[in-house]
Amino acid sequence: MAGERTTTGYRPGYGASGPGALTPDGCSVELYRRLPVRDEPDVIAAVAPPGARLLELGCGAGRVTHPLVERGFDVTAVDESPAMLAEVRGARTVCSPIEELDLAETIPVVLLASFLVHAGDPEVRRGLLRTCRRHLAEGGVLLLQREPADAHDNLPRERHEPGFTTRIVSSVPYAEGVRQVRAEYVFPDATWTQTFLSRPLDDEDFAAALAEEGLRPVERLSTDGVWWRAVAA
């Protein structure tokens, strides 16, 4: 996640609307504070040793951080947004862009969730994965979250959950190999929109992207192909 919105506006291709602090990549602090945790803690806990040290890159407001802390993991939570990190409890927090992070230490479990591996800019993706590799302990695991294979198909679509509705409104070509996605989050008292860039990756593209930074996918962790375990190549 990136830092708060500034007078220079959003990053190219990104945008947002809604109440509260909005980051240049379209993330709302209040929205991310409200969103429920899903299967992330279960997936992570099934792979990570109990009580392991875990580096969470792009932690946002702690939606996944807090359940991991409750399960006994020793979490270092990284985000570029001070407002996001102000919501995080029970973890060591580090305010830094992911691409620039260098803790001068290695950690057994590194987490790159929120589909960050699909960054529209290949240089940004390389920086993210380089940070993962730099901090991965010998014999450690990298846990990544990929987009579903149909993420950009059959739009618009919506999902109703207790208290709010999520709509993926559109996914349109933005640049070669890059889509611009618009999402809406509708609550009874507020609505947020988020526009962001995504570079779809098939299995071959995904493996090639990891290989560029000395990593190797070794196991699909969910039947939908969203969660993967990777190791140092």
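Counting begins at 1 with the first residue of the sequence.
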Colleague: Go through it in stages, so that I can follow the logic: the residues are R34 and D189, the test is salt bridge (Lys or Arg N to Asp or Glu O under 4.0 Å), and I'd like the CA-CA distance, side-chain angles, deciding distance and then a yes or no.
Modeller: CA-CA 12 Å; R34 294 186 184 197; D189 62 336; 2.9 Å; yes

Colleague: For A16, is there any backbone N or O sitting under 3.5 Å from a side-chain donor or acceptor partner on Y10?
Modeller: yes

Colleague: With rounding to the nearest 0.5 Å, note down the distance linking CG in L55 to CG in L112.
Modeller: 9.5 Å

Colleague: What pairs meet the ring pair (Phe, Tyr, Trp, His ring centres under 6.0 Å) rule with one or both residues in residues 114-147, with sequence neighbours excluded?
Modeller: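 Every pair satisfying ring pair (Phe, Tyr, Trp, His ring centres under 6.0 Å) with a residue in residues 114-147: there are none.
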
Colleague: Applying ring pair (Phe, Tyr, Trp, His ring centres under 6.0 Å), which residue pairs with at least one partner in residues 213-233 are found, sequence neighbours left out?
Modeller: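 Applying ring pair (Phe, Tyr, Trp, His ring centres under 6.0 Å) to every pair that reaches into residues 213-233, excluding sequence neighbours, yields F206-W228.
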
Colleague: Rounded at 0.5 Å granularity, tell me how far CG in D74 sits from CZ in R53.
Modeller: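 CZ of R53 is found 6.0 Å from CG of D74.
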
Colleague: Please name all residues satisfying salt bridge (Lys or Arg N to Asp or Glu O under 4.0 Å) with E147, sequence neighbours left out, ordered by chain then number.
Modeller: none

Colleague: Could you work out, with side chain to side chain contact (heavy atoms under 4.5 Å, CB included) as the rule, every residue matching D205, not counting sequence neighbours?
Modeller: L201, D202

Colleague: From L136 CG over to R133 CZ, what is the distance, rounded to the nearest 0.5 angstrom?
Modeller: 6.0 Å

Colleague: Does either side chain, that of D25 or that of T23, offer a donor lying less than 3.5 Å from an acceptor on the other one?
Modeller: yes

Colleague: Can you tell me how far apart CG (L143) and CG (L221) are? Round to the nearest 0.5 Å.
Modeller: 6.5 Å

Colleague: Would a hydrophobic clustering, with Ile, Leu, Val, Met, Phe, Trp and Tyr connected at side-chain separations under 4.5 Å, put V124 with L111?
Modeller: no

Colleague: Mind jotting down which residue pairs meet the ring pair (Phe, Tyr, Trp, His ring centres under 6.0 Å) criterion with at least one end in residues 147-171? Sequence neighbours excluded, please.
Modeller: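 Qualifying pairs, neighbours excluded: F164-F187.
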
Colleague: Would you give the length of the straight line joining atom CD of E99 to atom OG1 of T131, rounded to the nearest 0.5 angstrom?
Modeller: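 E99 CD to T131 OG1: 7.0 Å, rounded to 0.5 Å.
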
Colleague: Among all residues two or more places apart in sequence or in another chain, which pass the salt bridge (Lys or Arg N to Asp or Glu O under 4.0 Å) test with E161?
Modeller: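 E161 satisfies salt bridge (Lys or Arg N to Asp or Glu O under 4.0 Å) with R38, R159 once adjacent residues are dropped.
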
Colleague: Quick one: does E184's side chain have a donor or acceptor within less than 3.5 Å of a partner on R167's backbone?
Modeller: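 No, E184 side chain to R167 backbone: no donor-acceptor pair under 3.5 Å.
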
Colleague: Cut-off 3.5 Å, no hydrogens considered: what does the side-chain donor-acceptor table look like for residues 56-64, sequence neighbours left out?
Modeller:
residue: E56; atom: OE1; partner: T65; partner atom: OG1; Å: 2.6
residue: R63; atom: NH1; partner: P36; partner atom: O; Å: 3.1
residue: R63; atom: NH1; partner: E40; partner atom: OE2; Å: 3.0
residue: R63; atom: NH2; partner: E40; partner atom: OE2; Å: 2.8

Colleague: Would you please name every residue forming a side chain to side chain donor-acceptor pair (under 3.5 Å) with D42, sequence neighbours left out?
Modeller: R71

Colleague: Rounded to the nearest 0.5 Å, what separates atom CG in L35 from atom OG1 in T166?
Modeller: 7.0 Å

Colleague: Kindly give the heavy-atom pair with the smallest separation between P12 and Y174, and that separation in Å.
Modeller: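 P12 and Y174 have their closest heavy atoms at C-OH, 3.7 Å.
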
Colleague: Taking only residues two or more places apart in sequence or in another chain, which ones pass salt bridge (Lys or Arg N to Asp or Glu O under 4.0 Å) with R199?
Modeller: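 In terms of salt bridge (Lys or Arg N to Asp or Glu O under 4.0 Å), with neighbours along the sequence ignored, R199 is linked to no residue.
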
Colleague: Which residue pairs satisfy the side-chain hydrogen bond (donor to acceptor under 3.5 Å, both in side chains) criterion with at least one member in residues 84-94, sequence neighbours excluded?
Modeller: T76-R92, R92-E105

Colleague: Could you tell me whether the side chain of V109 reaches within less than 4.5 Å of the side chain of F73, counting heavy atoms only?
Modeller: no

Colleague: Of all residues at least two apart in sequence or in a different chain, which pass the salt bridge (Lys or Arg N to Asp or Glu O under 4.0 Å) check with R179?
Modeller: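 Testing R179 for salt bridge (Lys or Arg N to Asp or Glu O under 4.0 Å), a comparison that skips the adjacent residues, returns none.
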
Colleague: Spell out, yes or no, whether L210 and I98 are grouped together once hydrophobic residues are joined by side-chain heavy atoms under 4.5 Å, including indirect joins.
Modeller: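 Yes; I98 is reachable from L210 via cluster members.
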
Colleague: Sequence neighbours excluded, which residues qualify as side chain to side chain contact (heavy atoms under 4.5 Å, CB included) partners of P156?
Modeller: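 For P156, no residue satisfies side chain to side chain contact (heavy atoms under 4.5 Å, CB included) once neighbours in sequence are set aside.
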
